[in-house]
Amino acid sequence: MTKKIISSLLALLTVILLFGGCAKKTEVKINGTNIDNEVTAYFKATAQEGEDVNALIARYVAINSEFNNRSLTVPANMRSSLSDDVNSIWNLFGTYYEGLGISKETIYKIELSKVYETLLLEERYGENGVSPVSEDDLKEYFRGNYASIRFVTGYMFEVTENGTTEMTEKQKDELKQSFNAAADAVNDGTSIEEAVGLLNSAEIHDTVVNSKGNDNFPDGFWDEVKKIEVNKAAVINLGSYIFLVQKVDSEKGDYECYSEYKSDCLYQMKGEEFDKIIDAWTKQYK
């Protein structure tokens, strides 16, 4: 499941918990044209408090219309990812949607419209767009806001039958010493796989972190990661957690992820500006 769909699912789960009732099917017309009742039901069910459902539907129609007017197409790889994402959504929330009278095909249409929005943004700000963002600017943003890391997590507490017990100061010092020794070994040229032998059955994880928030790590984690040089390791101690972190090259080799996050960078750089453009499109649909 992709990172984007995870965020969508978390948002949807919140909606379900807050607005668990059934949505009525109400006919809506945009510029005199009837809108699919299932699409209407979807936006009625997922609108946040204070949001104008009609405006959300008009925005959806505007994006679809602008995409079709430009004769754009969805690349095969994006269609494949979209199908996987919709299957994941349906596996988790299909019963809920069916209770609202919303089919899997409609969920596909809603998610497809989100793909359209991404492609419209890329058409405007991409390499051959009306207002292109240069590759150098994109990479500069990426380097300042994303990092590929390999890490090991340690805990300043012990799990017992009665819950958790905080380590003694001596135990904490010993744990820190072992993590520091492992970091030193990596920085001296030892692979992280060998270095973790000093950490008693520690497991290495690979991930990408960014400046926009990392739910699986304590606050302040990104700020510390940013200080680490590529191919170097450091120990990060935040609260009851301690991490051995090695930053690896995000632009080439086994941990290259720039291509995967390039669209995200473009959206973060130009998303607010592009939203105003979509708002202007939307005003044409009543």
Side-chain angles (χ1 to χ4, degrees), residues 1-11 13-14 88 92 139 141-261 264-265 268:
M1 192 182 302
T2 67
K3 59 189 182 304
K4 291 182 180 178
I5 206 65
I6 291 173
S7 298
S8 298
L9 293 177
L10 289 174
L13 180 58
T14 302
S88 296
L92 286 171
K139 284 192 173 181
Y141 183 89
F142 175 79
R143 290 166 187 152
N145 293 276
Y146 286 81
S148 294
I149 63 171
R150 311 194 73 198
F151 71 97
V152 173
T153 306
Y155 307 93
M156 298 286 187
F157 54 84
E158 295 178 330
V159 179
T160 67
E161 293 180 356
N162 299 319
T164 59
T165 303
E166 187 174 357
M167 286 182 173
T168 64
E169 290 304 315
K170 180 181 179 181
Q171 289 174 317
K172 290 179 182 179
D173 287 340
E174 290 174 348
L175 184 62
K176 290 177 183 177
Q177 288 174 16
S178 63
F179 268 71
N180 285 326
D184 289 342
V186 172
N187 291 331
D188 286 339
T190 302
S191 71
I192 191 170
E193 284 82 2
E194 292 180 88
V196 296
L198 301 168
L199 303 180
N200 297 324
S201 303
E203 184 177 356
I204 302 168
H205 300 277
D206 300 329
T207 194
V208 177
V209 292
N210 65 74
S211 62
K212 300 302 179 183
N214 302 277
D215 294 337
N216 294 325
F217 299 98
D219 291 343
F221 186 79
W222 166 256
D223 294 331
E224 296 302 316
V225 168
K226 191 173 179 179
K227 299 174 185 176
I228 305 172
E229 295 179 27
V230 173
N231 296 322
K232 294 294 184 180
V235 175
I236 298 175
N237 188 187
L238 296 168
S240 298
Y241 301 90
I242 186 168
F243 302 90
L244 167 65
V245 179
Q246 182 186 25
K247 185 184 287 186
V248 291
D249 198 329
S250 298
E251 293 182 54
K252 61 184 179 182
D254 294 338
Y255 303 97
E256 188 278 326
C257 65
Y258 170 67
S259 57
E260 180 182 355
Y261 289 91
D264 287 358
C265 291
Q268 288 158 16

Test Ile192 against Leu244 for side-chain contact (heavy atoms from CB on, under 4.5 Å), laying out the working first. CA-CA 9 Å; Ile192 191 170; Leu244 167 65; 4.3 Å; yes
How long is the gap from OG on Ser211 to OH on Tyr141, to the nearest 0.5 Å? 5.0 Å
Should the ring pair Tyr261 and Tyr146 be called parallel, tilted or perpendicular, given that the plane angle runs from 0 to 90° and is split at 30 and 60? tilted
Expected output: side-chain [X] to main-chain [Y] donor-acceptor under 3.5 Å:
X      : Y      : value
Glu260 : Cys257 : no
Glu203 : His205 : no
Asn214 : Asn216 : no
Asn187 : Ala233 : yes
Ser250 : Ser148 : yes

With a 4.5 Å limit on heavy-atom distance, are the side chains of Glu166 and Gln171 in contact?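 No, too far: nothing below the 4.5 Å cut-off.
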Decide yes or no for Lys172 and Ile242: does some side-chain heavy atom of the first lie under 4.5 Å from some side-chain heavy atom of the second?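 They are not in contact (no side-chain heavy atoms under 4.5 Å apart), so the answer is no.
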Take atom NZ of Lys170 as the centre, draw a 6.0 Å sphere, and report whether it contains more than 12 heavy atoms from other residues, nucleotides or ligands. no
With a cut-off of 6.0 Å (strictly less than), are more than 12 heavy atoms of other residues, nucleotides or ligands near CD of Glu229?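 No.
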Identify the two heavy atoms, one from [X] and one from [Y], that lie closest to each other, and give their separation to 0.1 Å.
X      : Y      : result
Ile204 : Glu193 : CD1-CA, 3.8 Å
Ala147 : Val225 : CB-CG1, 4.0 Å
Ala183 : Val235 : CB-CG2, 3.9 Å

Under the criterion side-chain contact (heavy atoms from CB on, under 4.5 Å), I'd like the reasoning laid out for Met167 against Glu174: C-alpha separation, chi angles, the key distance, then a yes or no. CA-CA 10 Å; Met167 286 182 173; Glu174 290 174 348; over 6 Å; no
Verify whether the ring centers belonging to Phe243 and Phe217 lie closer than 6.0 Å.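 Yes: the rings meet the under 6.0 Å criterion.
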Test ring pair (Phe, Tyr, Trp, His ring centres under 6.0 Å), reference Tyr241, set Tyr155, Phe221, Phe179, output is Tyr155
Please assess Leu238 against Asp219 for the test side-chain contact (heavy atoms from CB on, under 4.5 Å), listing each intermediate value before the final yes or no. CA-CA 8 Å; Leu238 296 168; Asp219 291 343; over 6 Å; no
